[in-house]
Amino acid sequence: MHATLPLIETTDFPALRRGRLETLQVNLGYQCNQSCTHCHVNAGPSRKEMMDSGTVDTVLEFLAASEVLRLDLTGGAPELNPHFRRLVREARALGAHVIDRCNLTVLEEPGQEDLAAFLAGERVEIIASLPCYTRELVDRQRGKGVFEASIRAIQRLNALGYGRPQPGLVLNLVYNPQGPSLPPPQEKLEADYKRRLSEAFGIEFNRLYTLANMPIQRFGSMLISKGEFGDYMKLLRASYREENLDRVMCRSLVSVDWQGYVYDCDFNQMLGLPLRVAGRPRLKLSDLLGRNLEGQPIVVKDHCYGCTAGQGSSCGGALAA
Ligand code: SF4
Ligand code: SF4
């Protein structure tokens with residue numbers, strides 16, 4: 001894989017500072033039942049990296065001691081971490097809103113037969129990637145049979161009440177472009193998804209989040225291989241919108257890796273760019289206990305233009321929508 005960090009290191013992206021911390025985004029490990037070609041953490045069935053019980057305890061301790069109200073769980077497939085359900089239960093008992101970034105097919109994995117019911121019982125919000133409403137494109141990006149399994153999973157979640165106006169169990173889907181272009185307007189694409197998926201499969205969901213591809217890791221490497229990296233960066237820069245700066249996710253989020261180290265966002269985690277406080281080289285979540293991060297500078301590089309281009313992009317979809 002081509003290294004992308006040297007190409008984004010020198011930047012004129014505006015300096016950013018942290019606002020109030022609202023979300024703790026925790027990567028529970030790189031094991032996944034899928035091995036998607038575009039996966040930005042290179043997750044797969046053979047990966048062994050998993051957050052351990054002690055680090056899960058630190059996450060809970062941090063939630064209990066801070067005013068953070070949202071716990072956003074990611075991976076790999078976060079549900080495959082043996083401490084996933086304890087973390088969800090205890091975070092919910094602390095009053096946190098819990099988000100599971102679920103790949104949908106994990107609901108059909110052996111031993112996960114009761115996972116959907118567990119998530120519904122704990123009223124966990126589900127955010128799931130479905131890069132298209134057609135079989136061909138989903139299977140090409142995420143593996144053969146993934147589209148059918150994803151549709152079955154959504155039907156199961158709908159049957160439990162997910163994605164319906166009531167009882168308020170939230171199922172959001174995520175779209176990202178296949179190539180080096182910006183996502184289309186979120187609201188229009190959401191309407192298309194809702195119509196096509198309802199007509200063809202009778203399924204429902206709440207919101208569609210459109211995300212821009214970041215010029216890093218596998219996607220960035222693919223651009224370098226095809227000689228398209230420079231043009232994609234030009235597109236991101238030309239589409240810069242200053243009004244998105246206030247709402248980029250790093251202003252209100254801390255990203256935690258499977259070993260408990262902290263970053264300004266998931267992308268910086270993947271680039272190995274740690275969150276900086278008072279010049280300290282590399283901090284763990286336990287170092288942030290009792291510390292107010294408001295006003296601290298954020299580590300920015302040229303990939304940040306991926307968050308501010310066009311309608312903007314964050315882990316909660318378009319910023320301008
Ligand atoms: S489902 Fe997600 S974490 Fe798993 S391989 Fe695919 S992109 Fe990576
Ligand atoms: S890439 Fe990360 S640090 Fe840069 S603007 Fe986006 S969220 Fe913030």
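All values below were derived from every heavy atom in this structure, side-chain atoms included, with hydrogens, water molecules and symmetry-related copies excluded. In listed order, ligands and their atoms are each counted from 1.
If you check which protein heavy atom lies closest to atom 6 (Fe) of ligand 1, you get C36 SG, 2.3 Å. Looking only at protein heavy atoms, the nearest one to atom 4 (Fe) of ligand 1 is C32 SG, 2.3 Å. In this structure, the protein non-hydrogen atom closest to atom 2 (Fe) of ligand 1 is R142 NH2, 4.3 Å. The protein non-hydrogen atom at the shortest distance from atom 8 (Fe) of ligand 1 is C39 SG, 2.4 Å.
Of the candidates D257, N27, V256, Y263 forms a side-chain contact (heavy atoms from CB on, under 4.5 Å) with just one, namely D257. When each of D266, D72, T74 is checked for a side-chain hydrogen bond (donor to acceptor under 3.5 Å, both in side chains) with R101, only D72 meets the rule.
Under the 3.5 Å distance criterion, the side-chain polar atoms of N244 are left unmatched by any main-chain donor or acceptor of L319. The closest donor-acceptor contact from the side chain of R282 to the backbone of P274 lies at 3.5 Å or more, if one exists at all. Side-chain atoms of N213 come within 3.5 Å of backbone atoms of P177 as a donor-acceptor pair (strictly under, hydrogens ignored). Distance alone, capped at 3.5 Å, is enough to place a donor-acceptor pair between the Y162 side chain and the L119 backbone.
Take atom 4 (Fe) of ligand 2 and draw a sphere of radius 2.8 Å; the protein N/O/S atoms inside it number 1.
The structure places OH of Y305 at 14.5 Å from OH of Y232, a figure rounded to the nearest 0.5 Å.
By the 4.0 Å heavy-atom criterion, A77 is excluded from the residues contacting ligand 1.
The side-chain tip of K301 does not point at the ring of F13 from less than 6.0 angstrom away and within 45° of straight on.
Atoms of ligand 1 lying under 4.0 Å from at least one heavy atom of N103, given by number and element, are 1 (S). If you number the atoms of ligand 2 from 1 as listed, the ones under 4.0 Å from a heavy atom of M249 come out as 7 (S). Each of the following atoms of ligand 1 lies closer than 4.0 Å to a heavy atom of G76: 3 (S).
Clustering ILVMFWY residues whenever any of their side-chain heavy atoms sit less than 4.5 angstrom apart, transitively, puts L235 in a cluster other than the one holding L211.
Salt bridge E148/R152: absent, no basic N to carboxylate O contact under 4.0 Å.
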